[in-house]
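None of these values were measured; they are calculated from a predicted model. By convention in this document, chain letters (A, B, ...) are assigned in the order of the sequence lines, proteins followed by strands, and residues within each chain are numbered from 1.
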Amino acid sequence: MPELPEVETIVRDIRPLITGRTLTRPKLYHTHVLRRVTKTRLLRVLAGNRIEAVDRRAKHIVLCLKSGERLVIQPRMTGSLVVHPSHLTPDERRYAVLQIGLEGNGQLIFRDVRRLGTIWLLDEEGWQAYTQHIGPEPLEADFGSKQFARRLSNSRQAIKKVLMDQRRLAGVGNIYANEALFRARLDPSRRANRLSQAEYQSLYRTVRAVLREAIQEKGTTVRDYRTGTGESGSYQQILRVYGRGGEPCLLCRTLLATTHAIDGRATTFCWRCQGVQE
DNA sequence: ACGAGGTCCTGCGAGC
DNA sequence: TGCTCGCAGGACCTCG
């Protein structure tokens with residue numbers, strides 16, 4: 001499930017392959033994924049356009065086009081953007097949502113098994129509005145622990161839910177929220193406004209560490225996620241709590257527990273290390 | 001203004 | 001063996 005590290009990996013992989021390339025014969029196989037654009041306009045804008053830059057914002061892939069528009073792709077659960085050297089196998093065709101030819105050779109494919117991902121085409125004004133309602137990038141050099149605490153601590157919601165709120169902080173999803181909270185030894189159900197400054201500083205450090213390490217490992221492959229070159233990530237081998245419910249804690253051997261009490265999402269934690277009350 | 005809960009979508013694995 | 005069912009969950013939406 002692409003969170004910040006998975007999307008960053010996809011972007012790094014495909015950037016050298018598609019930057020400067022001219023787009024030909026775009027095909028859209030499912031229209032319900034479109035936001036703020038019709039199929040007709042999307043295909044008209046893409047055909048003959050050129051990719052000037054490939055960026056990431058939060059969990060979204062941003063293709064900056066020569067025409068000034070941005071093609072924004074949200075992979076959500078199972079989406080990914082991959083470059084194929086030639087035409088698609090039947091299996092690849094089955095999951096393709098958007099297919100764009102690259103002049104010369106190759107295809108750029110937005111592939112999405114569950115088709116929960118979305119595609120946006122935004123002009124400059126639309127992009128400004130879009131990016132402004134997403135929180136700051138946690139790995140930016142000028143993003144400090146004070147700003148982190150300020151953005152999260154004014155809520156009575158569980159800290160885990162707040163950590164995953166994209167309007168407060170960009171890029172953290174369920175996997176890395178679980179990991180960061182375990183490493184900071186914090187109870188995921190604590191109300192965000194009850195954490196001390198020291199606890200926020202600790203969580204700030206573990207969020208950044210977990211995201212950086214996951215990028216180094218090219219992300220976490222649980223099921224469908226692949227990097228932009230079709231490989232698996234390897235961070236799943238480093239996960240301390242996510243997906244390990246019922247297994248012993250790596251620090252104290254207490255059996256890890258899984259609950260769905262916070263926002264209906266799977267939360268795995270160590271009773272002892274994270275000081276969770278019954 | 002904020003929080004809770006529903007919705008989308010398909011594949012997979014548990015259980016009978 | 002083959003079927004049903006619940007779950008995976010990000011981000012949008014509506015409702016109270």
Practice task
Let me know the distance between NZ of K161(A) and C1' of dG3(B), rounded to the nearest Å.
Solution key: 7 Å
Practice task
Could you tell me the separation between the CZ atom of R212(A) and the CZ atom of R208(A), rounded to the nearest 0.5 Å?
Solution key: 5.0 Å
Fill in the blank from the handout: Among the nucleotides dC9(B), dG3(B), dG11(B), whichever has the atom closest to the side chain of R94(A) is dG11(B)
Handout entry: B/S/- contact track for nucleotides 10-16 of chain C, protein heavy atom under 4.0 Å
Key = BBS----
Practice task
Would you please indicate if the ring centroids of Y235(A) and Y176(A) are separated by under 6.0 Å?
Solution key: yes
Fill in the blank from the handout: The reported gap from CG in L211(A) to CD in E137(A) (rounded to nearest 0.5 angstrom) is 9.5 Å
Exercise for the section: Using whole Å, report how far CZ of R168(A) lies from C1' of dA1(B). Expected result: 12 Å
Exercise for the section: Go through the steps to decide whether K218(A) and D13(A) satisfy the test salt bridge (charged side-chain N to carboxylate O under 4.0 Å, His left out), and finish with yes or no. Expected result: CA-CA 10 Å; K218(A) 294 187 152 245; D13(A) 281 350; 3.1 Å; yes
Practice task
Compare the minimum distances between each of dT10(B), dA8(C), dG3(B) and the side chain of A266(A), then state the nucleotide with the smallest one.
Solution key: dA8(C)
Practice task
May I have the distance from H260(A) (atom NE2) to dG5(B) (atom P), rounded to whole angstrom?
Solution key: 15 Å
Practice task
Can you tell me the distance, in whole Å, between the CZ atom of R114(A) and the P atom of dT10(B)?
Solution key: 10 Å
Practice task
For the pair F143(A) and F148(A), name the ring-plane relationship: parallel under 30°, tilted 30 to 60°, perpendicular over 60°.
Solution key: perpendicular
Exercise for the section: Map D263(A) and Y95(A) onto DNA chain B by nearest heavy atom, then report which one ends up closer to the 5' terminus. Expected result: D263(A)
Problem - Under 4.0 angstrom between H30(A) side-chain N/O and dC9(B) OP1 or OP2 - result: no
Practice task
Kindly confirm or rule out a cation-pi arrangement of R93(A) over Y29(A), judged by NZ or CZ under 6.0 Å from the six-membered ring centre and within 45° of its axis?
Solution key: yes
Problem - T131(A) and R57(A) side chains, donor-acceptor separation under 3.5 Å - result: yes
Practice task
Please determine, by modelled atom types, if R168(A) and N154(A) share a side-chain donor-acceptor pair under 3.5 angstrom.
Solution key: yes
Fill in the blank from the handout: The correct set of residues in residues 147-156 of chain A placing a heavy atom under 4.0 Å from DNA chain C is none
Practice task
In sequence, state the C-alpha distance, the side-chain angles, and the governing distance for I119(A) and L28(A), and then conclude on side-chain contact (heavy atoms from CB on, under 4.5 Å).
Solution key: CA-CA 10 Å; I119(A) 295 173; L28(A) 182 76; 4.3 Å; yes
